[in-house]
There are 2 protein chains.
Amino acid sequence: MKAQALHGHLDALLLAVLEQGALHGYAIIEALRARSEGTLDLPTGTIYPALRRLERAGHVASTWSTVNGRERRTYQLTDSGQRALAGERAGWQDFQLTVGRFLDPGSPPTTPA
Amino acid sequence: MKAQALHGHLDALLLAVLEQGALHGYAIIEALRARSEGTLDLPTGTIYPALRRLERAGHVASTWSTVNGRERRTYQLTDSGQRALAGERAGWQDFQLTVGRFLDPGSPPTTPA
DNA sequence: CTTCATGCGTAGCTACGCTACTTGTCGAAC
DNA sequence: GTTCGACAAGTAGCGTAGCTACGCATGAAG
């Protein structure tokens with residue numbers, strides 16, 4: 001899949017992954033890959049800046065911890081993030097419906113009665 | 001709807017609109033608006049460069065004509081464009097499925113058996 | 001000791017949609 | 001008769017945001 005098609009939907013995906021529990025950056029990448037059955041294999045240069053964006057926006061909060069001598073930054077959804085996710089979900093439904101009108105098979109060319 | 005979410009899907013929409021018949025730029029904008037029930041109201045600065053992109057790629061062909069003293073550039077889908085549209089449709093299905101796994105309501109957090 | 005997986009991060013590039021603008025005809029309003 | 005809005009095309013420059021390609025560090029595997 002063309003990953004750049006994600007444009008504008010990545011934040012929503014990240015929030016959705018974190019909804020199920022706090023994770024650190026690397027684990028988020030793996031979670032995305034796993035849940036999408038390998039389709040979404042995002043580079044760190046995409047995820048880390050996105051997480052910092054979300055943190056600046058107050059949608060996630062991060063805490064550092066050391067595991068096996070490795071520093072981990074674990075992110076968890078905030079209340080604001082939860083609300084944002086709800087909004088993103090609604091937005092996704094809209095988007096899906098609108099674009100689907102043009103691209104879904106069997107979508108009516110001229111909406112019939 | 002946040003229009004910038006279109007990122008990467010606009011070409012597909014344009015091809016889909018032209019699939020039903022040749023149109024000129026201004027009419028394409030109106031067709032998008034009509035078929036999306038007002039949701040997609042794209043500015044000319046978005047559509048015209050996109051059409052030129054598609055023409056450079058060989059997916060559409062344009063012909064000039066004069067109607068009521070006004071110059072019109074009418075675009076129509078080429079064979080290549082038709083194939084591209086089919087590909088875009090497949091890509092959209094993929095995309096929809098993948099993102100839907102995270103954002104559709106009732107999408108299973110841990111894909112059950 | 002070198003390679004690979006884990007783990008974080010940034011700099012710079014590029015794609016692409018958007019804002020704001022220009023040019024021009026035509027019909028309607030004033 | 002001039003101005004204003006719909007039609008019709010187009011460009012320049014901007015901002016967003018994902019991607020490529022790096023750099024740094026640890027621990028296990030070979």
Side-chain angles (χ1 to χ4, degrees), chain A residues 1-15 22-34 36 39-57 59-60 62-75 84 88 91 95 98-99, chain B residues 1-15 17 22-34 36 39-57 59-60 62-75 88 91 95 98-99:
Chain A
M1 209 189 64
K2 289 185 299 180
Q4 47 264 56
L6 278 184
H7 237 290
H9 304 286
L10 176 60
D11 289 7
L13 293 183
L14 294 177
L15 294 177
L23 288 176
H24 62 281
Y26 198 87
I28 291 175
I29 293 174
E30 290 180 322
L32 285 166
R33 189 169 43 224
S36 70
T39 307
L40 288 175
D41 196 359
L42 305 181
T44 66
T46 291
I47 267 55
Y48 291 122
L51 287 170
R52 312 193 110 244
R53 259 206 318 275
L54 290 174
E55 188 166 28
R56 271 203 311 277
H59 295 332
V60 301
S62 69
T63 46
W64 283 99
S65 57
T66 306
V67 176
N68 282 1
R70 287 198 200 94
E71 296 279 291
R72 276 186 185 173
R73 190 168 183 170
T74 302
Y75 292 90
E88 295 278 8
F95 179 75
T98 301
V99 177
Chain B
M1 211 190 61
K2 288 185 298 179
Q4 45 264 57
L6 277 183
H7 236 289
H9 304 285
L10 176 61
D11 289 7
L13 293 182
L14 294 177
L15 294 175
V17 168
L23 289 176
H24 62 281
Y26 197 88
I28 291 176
I29 293 174
E30 290 180 323
L32 285 166
R33 188 168 42 223
S36 70
T39 307
L40 289 175
D41 196 359
L42 305 181
T44 68
T46 291
I47 265 56
Y48 291 121
L51 287 170
R52 313 192 111 246
R53 255 204 324 271
L54 290 173
E55 187 166 29
R56 270 204 311 278
H59 295 332
V60 302
S62 69
T63 46
W64 284 98
S65 58
T66 305
V67 176
N68 283 1
R70 291 198 196 96
E71 296 277 293
R72 277 186 185 174
R73 189 169 183 169
T74 302
Y75 293 90
E88 295 278 10
F95 178 74
T98 300
V99 177

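Residue numbering restarts at 1 for every chain, and letters A, B, ... go by the order of the sequence lines. Since the model is a prediction, treat every value here as computed from it, not as a measurement.
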Using the salt bridge (charged side-chain N to carboxylate O under 4.0 Å, His left out) criterion, which residues pair with Glu55(B)? Sequence neighbours excluded.
Arg73(B)

For [X] and [N], give me the distance from atom [atom1] to atom [atom2], rounded to whole Å.
X: Asp11(A); N: dA17(D); atom1: CG; atom2: P; result: 7 Å
X: Asn68(A); N: dA25(D); atom1: CG; atom2: P; result: 19 Å
X: Leu42(A); N: dG18(D); atom1: CG; atom2: P; result: 9 Å
X: Leu54(A); N: dA17(D); atom1: CG; atom2: C1'; result: 12 Å
X: Arg56(A); N: dA17(D); atom1: CZ; atom2: C1'; result: 12 Å
X: Ile29(A); N: dA5(C); atom1: CD1; atom2: C1'; result: 13 Å
X: Leu6(B); N: dA17(D); atom1: CG; atom2: P; result: 14 Å

Closest heavy-atom pair and its distance - Ala22(B), Thr74(B)
CB-CG2, 3.8 Å

Atom pair CZ/OH of Arg70(B) and Tyr26(B) - distance to nearest 0.5 Å:
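Going from CZ on Arg70(B) over to OH on Tyr26(B), the span is 9.5 Å.
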
Look at the side chain of Ser36(B) and the backbone N and O of Leu40(B), then say whether any donor-acceptor pair between them is shorter than 3.5 Å.
yes

Between Val60(A) and Leu15(A), is a side-chain contact (heavy atoms from CB on, under 4.5 Å) present by the stated rule, with each step listed?
CA-CA 8 Å; Val60(A) 301; Leu15(A) 294 177; 4.1 Å; yes

Walk me through it: do Leu32(A) and Leu14(A) pass the test side-chain contact (heavy atoms from CB on, under 4.5 Å)?
CA-CA 8 Å; Leu32(A) 285 166; Leu14(A) 294 177; 4.1 Å; yes

Arg53(A) side chain N/O closer than 4.0 Å to the phosphate oxygens (OP1, OP2) of dT16(D)?
no

With sugar-phosphate taken as primed atoms, P, OP1 and OP2 and all else as base, the protein-contact string of nucleotides 7-15 of chain D at under 4.0 Å (heavy atoms; B, S, -) is BSBBB----

